[in-house]
Amino acid sequence: MTTVRPTYCRLCEVGCGLVAEVEGGRIVRLRPDKDHPVSAGFACNKGLLSLDVHHDPARVSVPQRRAADGTFVDETWDDALDDIAARLAAIVDEHGPSSVAMYLGNPTAFNAIAGPAAGLFLLQIGSDRIFTAGSQDCGNKFAIGELLWGSAQTHLVADLDRTDHVLLLGTNPRISKGSFLVMPDPVAKLAEVEARGGTVRFVDPRHGEPKVGETVQIKPDTDVYLLAAMLHEIDRTVGFDPDGAALVTDLDQLRAFVAQFPAERVAPIVGIDATRIAAMAAEFAGAPTASVHVSTGVNMGRHGALAYWLTIMLSMLTGNLDRPGGNVPATRATAPTPMSQPAGPEGFVDTPWGSFRPNAGGQPGALLGSMIREGDPPIRALISVAGNPALSIGGGDDLADALAELDLLVTVDFYRNATGELADHVLPALDWYERQDLNTFVQGTQVTPYVQWTGPVVEPAGERRSEQWIFAALAERLGHPPVFGPDGDVLSMLYDGTLAEHGLAMAALRQSADGVAVLAPTDTGGFLERMTPDGTLDGSPAMLGPARERAVALFDELAAEPDDQLKLITRRTSHTINSALQNVERLKKGAGADNPLWLSPTDAERLGVVDGSRVRVWNRFGQVEAAARLDDTLRPGVVAMTHGFGNARTHGQPVARAHPGVNVNALSPVGPGTFDPVSTMSHLTGIPVEVAPI
Ligand SMILES: Nc1nc2c(c(=O)[nH]1)N[C@H]1C(S)=C(S)[C@@H](COP(=O)(O)OP(=O)(O)OC[C@H]3O[C@@H](n4cnc5c(=O)[nH]c(N)nc54)[C@H](O)[C@@H]3O)O[C@H]1N2
Ligand SMILES: Nc1nc2c(c(=O)[nH]1)N[C@H]1C(S)=C(S)[C@@H](COP(=O)(O)OP(=O)(O)OC[C@H]3O[C@@H](n4cnc5c(=O)[nH]c(N)nc54)[C@H](O)[C@@H]3O)O[C@H]1N2
Ligand code: SF4
Ligand SMILES: [Mo]
């Protein structure tokens, strides 16, 4: 007999509704949920292939420890937890609590209990050395959310259902389905804007993939100058919206800052004609309503925080903030995380690697290796939950060596991934269909807001355990009081309070047929009064001082670069979600088998590289070798690779190991001075590289 269970995909922020068909306790099929009130039958190839991960025989189902000869052997939970607890206690005794660090990977955003359970455990130990994928992906947004609205999770989203013009910088929604602007089938949603007579403008060094809108091809890592120039152009020509301008204190300082970057001056740096920049400014200011969205292509540059903040100023000073068709608050069913650190100069910490401001994303990933090797105290133990820092953070083999040198490395994962391969213990986690969940991370960023709970669809395989159980068991062994306990109702404890404001409760969601509750939209107007002490925004926040200085300094550095300097960017593909699907055989066919270096035909000709030939790519941080692929959607001067590969030594993932690709993060800047001090964001796009045929 087949039972049918509603659930949802947890591979990306969309969270598409899925239906699992279960026979004899085994999922036999996943299909898009046509009855889902929001995703309405939308799902992508990867979501449906998550079933292959669920059934993958290479998954870890019992704890594993590294044996003396470097191979991994199965162990009991008691042996694993006893050894980890004893070693943690010894490390804390010798080096203090801060010598224990935690890394929370991207999938903790789609696992409502793992992050709180792991984070609380670290607090119980007394360490603040938390790292997350945030410093590799959206730490800039966390920082600005805290600066402006008091929470890393508060953002105003482009009102796509009503806007006349949307400016999208650094996002490829056709492939990635977006981030911090959540909707199923974003291409269809953007096509609706055009169908209504609106305009959709992408800013991206690549063009073509969206199949909707028009792309202005920018030089990577320069968006901050484009945005400054647009603001200056608006100020100089049509003028700022008087109502918006009246609510910006220190407006003259903002004016003076952007005036340093007039269109003519920035044109050669951003690679866009001054007349085109002026036209983009006029288009945004002149549209009846206009909205703006920035994503990882901008976040991962060196000015992600300042650029994101400038888009909020652009919205404010054109009268588009918090009004229909502009950037608007989206209803959320769970409370946003509280401020992690003061938003003034006092929020910065002085370290041997310079001053920076940690945020909800924690410590800068770009300093992980430095903190292991030369921290005071040094990091001696790292617990990585749902992450793969060996591949997702810069450093390449050097970071892998530093991880391997730790006194204790533990991974909690579905697989023994590239990081697990370096670990002392690998602990098996429950997957999406073996656990309950709530779509907490995307609250406040959905175009159509809703909250969804899913129960476990099947019993866990083997001895897989929830992160809640694992950290409760470790805490108990270390003598810490139970907070969540091994099976306390964390979701009710954390979220019932805010759910009640919407007339909802965990118990009711759990009893409903599909676990979904669509939320009433938030009215526009009044956001500034609600969210700021006096209803105004500061045109020159002290927290962004170091970012403004950096923008000025790096402009001169860019101006001094040789004309033919190649810049590396990331290219996500429909075969990957970071490193998480590398062991799925069906995604390794054809183009998904490895990660080539894509380059424009112009650059290929100049370098003497032909399609399919091998090339060496290097810079002062490292080097990789890859196959060259010609790509005429790239702006000349820009080369691209996909991250998440580099599995030549990942014995725990045999499919990945057969199609290893290379770790592009060998080329990513790491160490002091390489990351954004106001937001901890690593520099992962627009990286100078050299390329030569082999
Ligand atoms: N050069 C470059 N580097 C990048 C990027 C880039 O564009 N370019 N992108 C960055 C971005 S946006 C991100 S988000 C990071 C991602 O980097 P990370 O978050 O460090 O790693 P992932 O590759 O997402 O690996 C996630 C791991 O979690 C496991 N997993 C999945 N779900 C769960 C779960 O519920 N519980 C547990 N315990 N394990 C689980 C998977 O099996 C997988 O091994 O990479 C960043 N790195
Ligand atoms: N298939 C697939 N889907 C994914 C993921 C995946 O790995 N694969 N990862 C998921 C994760 S963790 C995240 S965070 C989201 C990310 O989702 P998005 O933020 O939409 O990321 P991308 O699709 O990589 O789009 C980034 C775009 O920025 C462009 N770009 C690069 N550098 C610059 C620059 O300096 N300026 C500008 N303006 N553009 C630039 C790139 O060419 C690219 O088109 O995707 C999620 N969805
Ligand atoms: S779009 Fe994202 S959430 Fe939807 S099925 Fe694909 S990977 Fe899953
Ligand atoms: Mo991400």
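Counting starts at 1 for both ligands and their atoms, following the listed order.
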Taking N or O atoms only and a 3.5 Å limit, does S179 qualify as a polar contact for ligand 2? no

Just which atoms of ligand 2 are under 4.0 Å from any heavy atom in D221? 34 (C), 35 (O)

Part of T576 within contact of ligand 2 (heavy atoms, under 4.0 Å): both

Protein contact of atom 1 (N) of ligand 2 - nearest heavy atom, named by residue and atom, plus distance: T573 O, 2.9 Å

In terms of residue, atom name and distance, what is the protein heavy atom nearest to atom 8 (Fe) of ligand 3? C9 SG, 2.3 Å

Assess C44: does it contribute an N, O or S atom lying under 2.8 Å from atom 6 (Fe) of ligand 3? yes

Taking every non-hydrogen atom, the tightest pair across M641 and V662: CE-CG2, 3.6 Å

Close N or O approach (T570, ligand 2; < 3.5 Å): no

Does a salt bridge link E13 with K177, judged by any charged N lying under 4.0 Å from a carboxylate O? no

What part of I569 sits under 4.0 Å from ligand 2 if we count only heavy atoms: the side chain, the backbone, both or neither? side chain

Under 4.0 Å between a Lys/Arg side-chain N and an Asp/Glu carboxylate O for D676 and R302? no

Can you list the ligand 2 atoms lying under 4.0 Å from a non-hydrogen atom of V203? 37 (C), 38 (N), 39 (N)

Thinking salt bridges, do E561 and K567 make one under a 4.0 Å N-O criterion? yes

Would you mind listing which atoms of ligand 2 come within a distance below 4.0 Å of any non-hydrogen atom of D223? 34 (C), 35 (O), 36 (N), 37 (C), 38 (N)

Ligand-side contact atoms (ligand 2) for residue partner N106, heavy atom cut-off under 4.0 Å: 12 (S)

Give me the nearest non-hydrogen protein atom to atom 26 (C) of ligand 2 as residue plus atom name, then the distance to 0.1 Å. G170 O, 3.3 Å

Close-contact set for ligand 3 against K177 heavy atoms, below 4.0 Å: 1 (S)

List every atom of ligand 3 that sits less than 4.0 Å from any heavy atom of C12, numbering the atoms from 1 in the order shown and giving each element. 1 (S), 2 (Fe), 3 (S), 7 (S)

Is E194 paired with R201 through a side-chain N to carboxylate O contact shorter than 4.0 Å? no

Taking only heavy atoms of P220, which atoms of ligand 2 are found under 4.0 Å from at least one of them? 34 (C), 35 (O)

Closest contact, heavy atoms only, I577 versus K46: CD1-CE, 3.5 Å

Nearest 0.5 Å, what's the OG1-CG distance between T445 and L156? 12.0 Å

of all protein heavy atoms, closest to atom 13 (C) of ligand 2 is R572 NH1, 4.0 Å

Among all protein heavy atoms, pick the one closest to atom 43 (C) of ligand 2 and tell me residue, atom and distance. D204 OD2, 3.3 Å

Can you sort out which atoms of ligand 3 are near G15, meaning under 4.0 Å from one of its heavy atoms? 3 (S)

Least distance between heavy atoms, E233 atom then A278 atom: OE2-CB, 3.6 Å

Which atoms of ligand 2 are found less than 4.0 Å from any heavy atom of T171? 18 (P), 20 (O), 25 (O), 26 (C), 27 (C), 28 (O)

Would H54 and D431 count as a side chain to side chain donor-acceptor pair (under 3.5 Å) if you check the C-alpha gap in whole Å, the side-chain angles of each, and the deciding distance to 0.1 Å? CA-CA 7 Å; H54 173 71; D431 73 35; 2.8 Å; yes

Do D631 and R571 meet the salt-bridge criterion of a basic N to acidic O distance under 4.0 Å? yes

Is it true that some N/O/S atom of C16, main chain or side chain, lies under 2.8 Å from atom 4 (Fe) of ligand 3? yes

What is the nearest protein non-hydrogen atom to atom 30 (N) of ligand 2, stated with its residue, atom name and distance? P205 CD, 3.5 Å

Which ligand 2 atoms, with their elements, are less than 4.0 angstrom from a heavy-atom of K46? 1 (N), 2 (C)

When rounded to the nearest 0.5 Å, the distance separating CD of E467 from CG of D413 is 9.0 Å

For atom 47 (N) of ligand 2, which candidate among A109, S176, C138 provides the closest heavy atom? S176

When you compare the side chain of R586 with that of D52, does any pair of heavy atoms fall below 4.5 Å? yes

Within the structure, does C12 bring an N/O atom to less than 3.5 angstrom of an N/O atom in ligand 2? no

Counting non-hydrogen protein atoms only, what is the nearest one to atom 19 (O) of ligand 2? Give residue, atom name and distance. S295 OG, 2.5 Å

Is any NZ, NE, NH1 or NH2 atom of the basic residue among R435 and D437 found under 4.0 Å from an Asp or Glu carboxylate oxygen of the other? yes

Taking the side chain as C-beta and beyond, is there a heavy-atom pair between K588 and V655 under 4.5 Å? yes

So, H207 and E214: side-chain donor and acceptor under 3.5 Å apart, yes or no? no

Measure the spacing between CD1 of I130 and CE of M102 and express it to the nearest 0.5 Å. 6.0 Å

Test of understanding: given a 4.0 Å heavy-atom threshold, classify the contact between D137 and ligand 2 as side chain, backbone, both, or neither. side chain

Atoms in ligand 3 flagged as close to L11, the criterion being non-hydrogen separation under 4.0 Å: 7 (S)

So which heavy atom in the protein is nearest atom 31 (C) of ligand 2, and how far is it from that ligand atom? T685 OG1, 3.4 Å

Test item: K141 and V294 side chains (from C-beta on) under 4.5 Å apart, heavy atoms: yes

Quick one: nearest non-hydrogen protein atom to atom 21 (O) of ligand 2, plus distance? T296 OG1, 2.9 Å

